[in-house]
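All heavy atoms count here, side chains included; hydrogens, waters and symmetry mates do not. Chain letters run A, B, ... following the sequence lines, proteins first and then strands; every chain starts at 1.
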There are 2 protein chains.
Amino acid sequence: MEKGLKMTGQRRVIARVLSDAEDHPDVEELYRRASELDPRISVATVYRTVRLLEEKGILERRDFGGGRARYEVSEHGRHYHLIDVDTGKVLEFEDEEHEDLMRRIASRLGFELISMRLELFGRRIPEPEAAQTESKRSKAARGKGTRKA
Amino acid sequence: MEKGLKMTGQRRVIARVLSDAEDHPDVEELYRRASELDPRISVATVYRTVRLLEEKGILERRDFGGGRARYEVSEHGRHYHLIDVDTGKVLEFEDEEHEDLMRRIASRLGFELISMRLELFGRRIPEPEAAQTESKRSKAARGKGTRKA
DNA sequence: CTAATTGCAAAAAGTTTGCAACCAT
DNA sequence: ATGGTTGCAAACTTTTTGCAATTAG
């Protein structure tokens with residue numbers, strides 16, 4: 001099937017690091033993790049492997065800002081990302097309804113939906129604290145005047 | 001008023017290029033267009049201006065793949081992009097329903113939606129050219145598997 | 001065996017920055 | 001006048017690549 005691809009030790013290691021990853025590491029981070037498992041891997045190989053896997057549709061490149069590309073195992077837009085603008089943390093979520101809507105929209109425009117990318121940027125809404133006496137919510141609440149919940 | 005910002009000739013030119021742009025130019029392209037209006041502008045200034053405007057929320061940086069950052073006047077996620085995977089062309093569209101859905105999803109996760117980014121990747125579906133003759137429509141519509149770019 | 005793959009280091013590509021000259025305010 | 005701004009080139013950062021050595025199939 002595939003051309004003449006070889007399953008080398010390096011690729012095995014990188015593949016493992018990737019499938020073990022619960023986050024969205026950039027190349028530098030992949031390199032670091034891979035190096036732990038096998039110190040003789042070079043960055044160039046990580047770059048080459050990552051590019052190869054992306055071309056094959058196995059990996060998806062993400063851009064959450066910050067200059068470097070980040071990667072995750074491809075699920076063909078089956079889940080999305082919500083980035084907390086204050087902490088920079090990335091939260092994943094899915095939504096069947098959304099996927100259908102996208103397919104309809106693409107179709108309406110005359111396209112077959114192949115993949116998609118959705119990123120929401122939001123700010124945590126301070127929960128109506130039913131907790132203990134918390135008289136100082138100044139820090140969390142400090143922001144612009146308007147907010148809707 | 002803004003801090004101590006100056007409205008220089010260069011900024012005026014770059015601002016004009018940006019608001020005139022119907023597409024999503026990268027810095028190199030912005031530089032080229034700006035240079036036409038005023039040849040003494042340098043790339044560094046374009047980079048600096050673009051960064052400034054992004055920080056001020058006036059511009060939004062996009063990543064459609066291809067290494068360079070692309071820019072467009074900010075509309076706070078009021079429109080989205082459909083990238084034709086075969087031609088690389090970017091098509092814009094809006095969808096009220098979608099915006100509401102996103103707000104609901106963010107809210108469900110405990111976040112106030114601030115901005116979002118949505119990109120669809122799709123392949124053009126050859127339209128069964130139905131001018132007035134209804135007769136040849138059936139035949140053309142059957143070929144669901146017939147797809148070519 | 002031999003084409004694919006790797007490491008290394010050099011090079012490319014994209015973006016940022018130090019500094020002296022410059023120019024809106 | 002004077003502090004923000006610019007151009008230029010050097011510096012950085014991230015990613016790619018040429019080439020000889022290495023290795024999976």
Asks: Could you tell me whether E36(B) and R32(B) have a side-chain N and a carboxylate O separated by less than 4.0 Å?
Replies: no

Asks: Within residues 33-47 of chain A, which residues have any heavy atom lying less than 4.0 Å from an atom of DNA chain C?
Replies: R40(A), I41(A), S42(A), A44(A), T45(A)

Asks: Output the rounded distance in Å from OH (Y71(B)) to C1' (dG14(C)).
Replies: 10 Å

Asks: As an exercise, state the distance from CZ of R62(B) to OH of Y71(B), rounded to the nearest 0.5 Å.
Replies: 11.5 Å

Asks: Measure NZ/K6(A) against P/dT22(D) and give the value in whole Å, please.
Replies: 14 Å

Asks: Using a heavy-atom distance cut-off of less than 4.0 Å, which residues of residues 7-14 of chain A contact DNA chain C?
Replies: T8(A), Q10(A), R11(A)

Asks: Round to the nearest Å and state the distance from L52(B) atom CG to dT17(C) atom P.
Replies: 14 Å

Asks: Sequence neighbours left out, what passes side-chain hydrogen bond (donor to acceptor under 3.5 Å, both in side chains) with R51(B)? Give chain and number order.
Replies: none

Asks: In a table with atom names and distances, give each donor-acceptor pair under 3.5 Å that connects a side chain of residues 104-111 of chain A to protein atoms at least two apart or in another chain.
Replies:
| from | atom 1 | to | atom 2 | distance (Å) |
| --- | --- | --- | --- | --- |
| R108(A) | NH2 | D95(B) | OD2 | 3.1 |

Asks: Look at the side-chain heavy atoms of Ile, Leu, Val, Met, Phe, Trp and Tyr, link any pair under 4.5 Å apart, and say whether V73(A) and V27(A) land in one connected group.
Replies: yes

Asks: How bent is the helix from dC1(C)-dG25(D) to dT25(C)-dA1(D), comparing axes over its five end pairs at each side, to the nearest 10°?
Replies: 40°

Asks: Both R48(B) and Y31(A) contact DNA chain C. Taking the nearest nucleotide for each, which residue is further toward the 5' end?
Replies: Y31(A)

Asks: Is R70(B) close enough to dG14(C) that one of its side-chain N or O atoms is under 4.0 Å from OP1 or OP2 there?
Replies: no

Asks: Can you name the closest pair of heavy atoms from I14(A) and A34(A) and give their distance?
Replies: CG1-CB, 4.4 Å

Asks: Atom CZ of R51(A) and atom C1' of dT5(C): how far apart are they, to the nearest Å?
Replies: 13 Å

Asks: Please report, rounded to the nearest Å, how far the P atom of dT15(D) is from the CD atom of E29(A).
Replies: 14 Å

Asks: Under 3.5 Å, is there a donor-acceptor pair linking the side chains of H24(A) and E72(A)?
Replies: yes

Asks: Parallel under 30°, tilted from 30 to 60°, perpendicular over 60°: which one fits the rings of H98(B) and Y80(B)?
Replies: perpendicular

Asks: Which whole-number value in Å describes the distance from L5(B) CG to dT2(D) C1'?
Replies: 16 Å

Asks: Evaluate R12(A) against R16(A) for side-chain contact (heavy atoms from CB on, under 4.5 Å), listing each step before the verdict.
Replies: CA-CA 6 Å; R12(A) 220 186 312 276; R16(A) 157 152 292 270; over 6 Å; no

Asks: Expressed as a whole number of angstroms, how long is the span from R68(A):CZ to dC12(D):P?
Replies: 16 Å

Asks: Should we say atom CD of E22(A) is surrounded by more than 12 heavy atoms from elsewhere, each under 6.0 Å from it?
Replies: no

Asks: Taking only residues two or more places apart in sequence, or in another chain, which ones meet T45(B) in a side-chain hydrogen bond (donor to acceptor under 3.5 Å, both in side chains)?
Replies: S42(B)

